[in-house]
Amino acid sequence: MFPLLKYAKSEVDGMISGVTPAMVARSLAKDRHDWFDLLNLISHTAYPFMDAMRETAHAARKRYYGKTVSVYAPLYIGNTCVNSCRYCDFRIQHTGTVRRNLTLDEIRAEAEAVKATGIDSLLVVAGEDPRINTVAHLAEVGRLLKPMFSNLSLEVAPQTEDGYRELFDAGYEGLTCFQETYDQDLYREMHPAGPKSNYDWRLGTQLRAGRAGFRILGCAFLLGLGPWRCEAASLAAHAFYLMKECYAAKVQFAFPRICCVEGGFTPPCEVDDRDLELMMLAFRIVFPQCCMTVSTRESPEFRDHIVQTTADNMSAGSRVTPGGYAVLAGERKKDVAQFTLTDNRTPAEVYAAIRANGQEVVFKNWDNRI
Ligand code: SF4
């Protein structure tokens, strides 16, 4: 569990299984929600309330985000990694993945290809390789890309607070770091070696970035590793903590489902569409102001549906292999990477689907004061 929670996993399980229909109805009727409301709304008892939850979540989403849907794309700059995450084909032991770290010229070519699709918000992603993806290198990449994109975010190895300060100065404003699992025992099992085996260091990532000035703090666990309800309870506790400690920043949720990977991993606790939707509805109701993203891991049908009631931010046309947009042009079959893409639509097709829902595509939703 999230370490600052004063309840053990068995107590949280007990609270969730003790939820009654009256408790769900009460949580739905409230204007301001707390952690216990989240438990009520993710419980098994909440299933019959899903239509009402869709209405409440839709109203909350509309209040804070109107009809807008922000779009972004990830740019993988490298996939060498010193970690051993059992569920990822970028792990050091997996020899079946072609490894590549892009040069600055290649990064520019990739960024130009993304930019040509209209995308103005970029997530820079890299494996954890301290020889290559140093703060200095990431800062250089930031300075290269910042003039091209109004929003730059990072999904790389956790850094120190000073490191984040340097990266913020280089142009990055958003940070995503999945805790993967909040269960300390399971975390140890899934991350047997490498710097990522340090649970506490990873858990403090958003706090260090928030203190360094980052304005978007992305949090998530991997859906499929452990029982999702306890993980969701920990994620919510983590978010409440960050909202208090980093009040100038905005928490962003993602709900990434893992799938089988080439290297042989099978998720032990798969999460189906109904449970994923229930969880996202509950988070939108309890955290109406927070950002919520849905990635191309999910199917077009699921994304087009969920973006109307909960998510306000979605990726479009993602490639998850370094070089996948331009450098490896014509070799798209090689896009076997960190996870499998399920929505393979082009950005234009994603924009059309958003507009067909009566929503507006937003490329830029933020401007610096200077
Ligand atoms: S999940 Fe991240 S840290 Fe772990 S092996 Fe994959 S790229 Fe490396």
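Residue numbers run from 1 in the order of the sequence given. What you see below is based on every heavy atom in this structure, not just the backbone, and it leaves out hydrogens, waters and symmetry mates. All values reported here derive from a predicted model rather than from experimental measurement. Numbering of ligands and ligand atoms starts at 1, following listing order.
Near Arg91, meaning under 4.0 Å from any of its heavy atoms, are these atoms of ligand 1: 5 (S). The contact set between ligand 1 and Cys85, taken as ligand atoms under 4.0 Å from a residue heavy atom, comprises 1 (S), 3 (S), 4 (Fe), 5 (S). Heavy-atom proximity to Asn83, at under 4.0 Å, picks out these atoms of ligand 1: 3 (S). Less than 4.0 angstrom separates some heavy atom of Phe90 from each of these atoms of ligand 1: 5 (S), 6 (Fe), 7 (S).
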Show the numbers, then the answer: is there a ring-ring contact (aromatic ring centres under 6.0 Å, His included) between Phe255 and Phe283?
-> CA-CA 10 Å; Phe255 298 92; Phe283 273 81; 5.2 Å; yes
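Here Cys81 reaches atom 8 (Fe) of ligand 1: one of its N/O/S atoms is less than 2.8 Å from the metal.
Judged as a side-chain hydrogen bond (donor to acceptor under 3.5 Å, both in side chains), the pairs with a partner in residues 237-249 (not counting sequence neighbours) are, in order, Tyr182-His238. Sorted by first and then second residue, the side-chain hydrogen bond (donor to acceptor under 3.5 Å, both in side chains) pairs with a member in residues 8-21 form an empty list; sequence neighbours excluded.
Stacking of Arg274 on the aromatic ring of Tyr47 is recorded, both the 6.0 Å distance cut-off and the 45° axial limit being met.
A salt bridge links Arg345 to Asp304: at least one charged side-chain nitrogen sits closer than 4.0 Å to a carboxylate oxygen.
The side chain of Lys196, and not its backbone, has at least one atom closer than 4.0 Å to an atom of ligand 1 (non-hydrogen atoms only; side chain from C-beta on).
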